[in-house]
Number of protein chains: 2
Amino acid sequence: MHQSIALDPTDLGILRALQNDARISNKALAAEVGIAPSTCLDRVSRMRAAGVVKGATVEVDAAALGRPLQAMLAVRVRPHHRAVLNPFVGHVLKLPETRALYHLAGPDDFLVHVAVADATGLQRLVVDGFTARTEVTQVHTMLIFQQWSGGPLLPPEPSVPARRLTAG
Amino acid sequence: MHQSIALDPTDLGILRALQNDARISNKALAAEVGIAPSTCLDRVSRMRAAGVVKGATVEVDAAALGRPLQAMLAVRVRPHHRAVLNPFVGHVLKLPETRALYHLAGPDDFLVHVAVADATGLQRLVVDGFTARTEVTQVHTMLIFQQWSGGPLLPPEPSVPARRLTAG
DNA sequence: AGTGAAAGAGGTAGGCT
DNA sequence: AGCCTACCTCTTTCACT
């Protein structure tokens, strides 16, 4: 871990392809970046070992699962002690409605991305899961109308042929 | 699309396993939920066709790619016309720094999750990519200290054996 | 709908250039 | 380091229950 590896344009091509479709076969991946399958396997293994490539996951349609309503909750927690923050984080991650959690710098301490069945479910989540807790001083609920994901995550300045980077 | 399918506990097990590791082999997946590989293949195909399971993607370590600084930008856009919103969305999705984009109900219209190399990169992104645009009236930058992802996304009330659900 | 078997394709390791 | 080959496992189809 925290290992330093150099990513050349071939590695970046692999990264891009894997982010577009994590289930691509190694053979097809190798063909796409123009190397032999065995070489490709080695490249991917090294990027996995370095921590550049982490787990693969499928995207699931929240609406199709009966959770068509999504929201961002901006939460303020007091006091800002580890003894308070850590249990709060653990609690939020245990909630089945939680999709993502962000610890922020700013007036709002946390942003929680949640998916619920309906307005009643959202109300119950906010009241019972957040404002009921003594460390939570404020919750702002922002409904999500629509969401998009950005393109594949790549290094800044893609024109540079090879950079020494640190995995972490 | 928008097809109605029933998800039984076996389907939910498949969903959970695929969200934990999208690259699991079909054979291992079938063993995990206790069905034959051919049956498992059929289940996954139907969930893909129904839109419940969408594309698979690998998680990439932003810090390892030279983008260790992440932030949420709360953006206000005026006026709220499609002729204004659509080009703004297109612009944001084209930025290489964009990881996700959310259209919200509330005083802030959009939340943009971005990953940059350093504070200078963040400043340039905010100034050149957002406040420079005439439709953008305000940008609040919130640094992300740490982030977590929730568990596998599953239907509400998991005790119900089978529900009729709508993909979309 | 679920299964089992069989043909075909792909993954993976080792040695070589 | 990259590649080729050979083995071997897995995927996928199809007839059957």
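Letters A, B, ... mirror the listed sequences (proteins, then strands); counts begin at 1.
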5'-most contact on DNA chain D (nearest-nucleotide basis), B:A28 vs A:D42, goes to A:D42
Please round to the nearest 0.5 Å and tell me the distance separating atom CG of A:L29 and atom CZ of A:R43. 11.0 Å
With hydrogens left out and only the distance checked, is there a donor-acceptor pair under 3.5 Å joining A:S25's side chain and the base of C:dG11? no
Whole angstroms only, please: what is the CG-P distance between B:N26 and C:dG10? 16 Å
Give me the ring orientation class for A:F110 and B:W148: parallel if the planes are under 30° apart, tilted from 30 to 60°, perpendicular past 60°. tilted
Stepwise salt bridge (charged side-chain N to carboxylate O under 4.0 Å, His left out) check, B:D109 with B:R76: CA-CA 5 Å; B:D109 301 301; B:R76 301 190 183 190; over 6 Å; no
Between C:dG10, C:dG14, C:dT3, which nucleotide gets closest to the side-chain atoms of A:K27? C:dG10
Taking B:L101 as the starting point, is it possible to reach B:V84 by hopping between hydrophobic residues whose side chains are less than 4.5 Å apart? yes
Would you call the rings of B:H113 and A:Y102 parallel, tilted or perpendicular, taking 30° and 60° as the class edges? perpendicular
Distance below 4.0 Å between B:S38 side-chain N/O and C:dT3 OP1 or OP2: no
If hydrophobic clusters are built from ILVMFWY residues whose side chains come within less than 4.5 Å, do A:I24 and A:L41 share one? no
Using a heavy-atom cut-off of 4.0 Å across all strands, would you classify A:R43 as base, sugar-phosphate, or nothing? sugar-phosphate
Chain A footprint on DNA chain D, 5' to 3' - any atom under 4.0 Å from a heavy atom: D:dG2 to D:dC4
Whole angstrom is fine here: how far is it from CZ in A:R46 over to C1' in C:dT12? 16 Å
